[in-house]
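Taking it in order: structure first as structure tokens, then the write-up.
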Amino acid sequence: MERIYNFSAGPSMLPVPFLEEAAADLLNYKGCGMSVMEMSHRSPVYEEIIQDAEAALRKLMDIPDNYKVLFLQGGASTQFAAVPLNLLSKSGKADYIVSGQFSKKAYDEATRYGDINIAASSASSNFSMIPEFTMKDIRPDADYVHICFNNTIYGTKFPEIPDTGSIPLVADMSSCIISEPVDVSRFGLIYAGAQKNMAPAGLTIVIVREDLLGKARPETPTMLNYTIMAENGSMYNTPPCYCIYIAKLVYEWILSIGGLGEMKRRNERKAALLYDYLDSQSYYTAPVVASSRSMMNVTFVTGDKELDKKFASEATKAGLANLKGHRSVGGMRASIYNAMPYEGVETLVAFMKKFAEENPKEN
Ligand SMILES: *Cc1c(COP(=O)(O)O)cnc(C)c1O
């Protein structure tokens, strides 16, 4: 069967070469007589898998030695609670930059645990850009500052890593992790649900600086306690074994093509193709302010809700799936994560041109 181009925001496409590898090993993983799904997480074979996964991610992201890598469950949404429970350790204050729905959810969840402030928000511009802020907007005694680095729903991304001085910066990177090199040392903590750019749903990655461990609030559930998870090598309980295995193959795939520098080059090339087309015509509009554009999630509208609907349904018939925008914003969104090939975006742009010709707007 032919594979289609899947522009879903998540779960999303995975790279074919390693899907083939996973399929080949499905019934009998390297002579074990069983699949990775069926083996004990305490077996030597599996221990090697999880260790290799961590080693590959460390190499890929150039993670410094004073950071722990955790393989957790519960999705990025569980981190909305885990972050304040583990990090509200001194003043009990944290400052949040609200740049979209997920950062608003993170903020709402954190307010249950401490004195949480919105330092900046782009809600008034309908989240069409990343809000600007300086150190003056941050309380000097905040335990951390939280951002969502790439806003999956609106298609915006921080143009650079904000400087929060000595206050730890915490970033939700669910929809942009391993899409390009990032200086991990600029962050106190990075977290990401795996289903956008790394693996199937069910795995959450946390990368946390060691000096932030050991300060969780007493009521922190064991399963949300980073220190306990770190001490147990992410195996306090059964980890999401198969997802971690898939993540390992994805990391190794990116390393094999040249690492995150090459991944970025490919992603930039894809995003440029789409944005250049959007900028060159007037049938479609890209609502995001140019300096805040995401390389992973590209949003656009025709300005006519009926045409938007028709676009998404005709695109699906043409083998371009899941282009409908998020239910809260409408329009269209093309998620072009690592696994989306350049040809997928070329096919999308060709379809957009054809659709514009065949569906002239009245007026
Ligand atoms: C998808 C997404 C989430 C929610 O992730 P879950 O794993 O479903 O909880 C949170 N933040 C961002 C930026 C996302 O893209």
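In listed order, ligands and their atoms are each counted from 1. Keep in mind it's a predicted model, so treat the numbers as computed, not measured. We count residues from 1, following the sequence as given.
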Is [X] reaching over with its side chain to a backbone N or O of [Y], donor-acceptor style, under 3.5 angstrom?
X      : Y      : result
Asn126 : Ser128 : no
Tyr284 : Met352 : yes
Tyr67  : Val184 : yes

Relative to the ring of Phe80, is the ring of Phe102 parallel (under 30°), tilted (30 to 60°) or perpendicular (over 60°)?
tilted

Pairs of nitrogen or oxygen atoms, one from ligand 1 and one from the protein, closer than 3.5 Å: please tabulate them with distances.
{"from": "ligand 1", "atom 1": "7 (O)", "to": "Ala76", "atom 2": "N", "distance (Å)": "3.0"}
{"from": "ligand 1", "atom 1": "7 (O)", "to": "Gln195", "atom 2": "NE2", "distance (Å)": "2.9"}
{"from": "ligand 1", "atom 1": "8 (O)", "to": "Gln195", "atom 2": "NE2", "distance (Å)": "3.3"}
{"from": "ligand 1", "atom 1": "9 (O)", "to": "Ala76", "atom 2": "N", "distance (Å)": "3.2"}
{"from": "ligand 1", "atom 1": "9 (O)", "to": "Ser77", "atom 2": "N", "distance (Å)": "2.8"}
{"from": "ligand 1", "atom 1": "9 (O)", "to": "Ser77", "atom 2": "OG", "distance (Å)": "2.6"}
{"from": "ligand 1", "atom 1": "11 (N)", "to": "Asp172", "atom 2": "OD2", "distance (Å)": "2.6"}
{"from": "ligand 1", "atom 1": "15 (O)", "to": "Thr152", "atom 2": "OG1", "distance (Å)": "2.4"}
{"from": "ligand 1", "atom 1": "15 (O)", "to": "Lys196", "atom 2": "NZ", "distance (Å)": "2.5"}

Going by distance alone, is a donor N or O of one side chain under 3.5 Å from an acceptor N or O of the other, for Asn86 and Lys215?
no

Could you give all pairs that pass the salt bridge (charged side-chain N to carboxylate O under 4.0 Å, His left out) test and reach residues 30-51, with sequence neighbours left out?
Asp25-Lys30

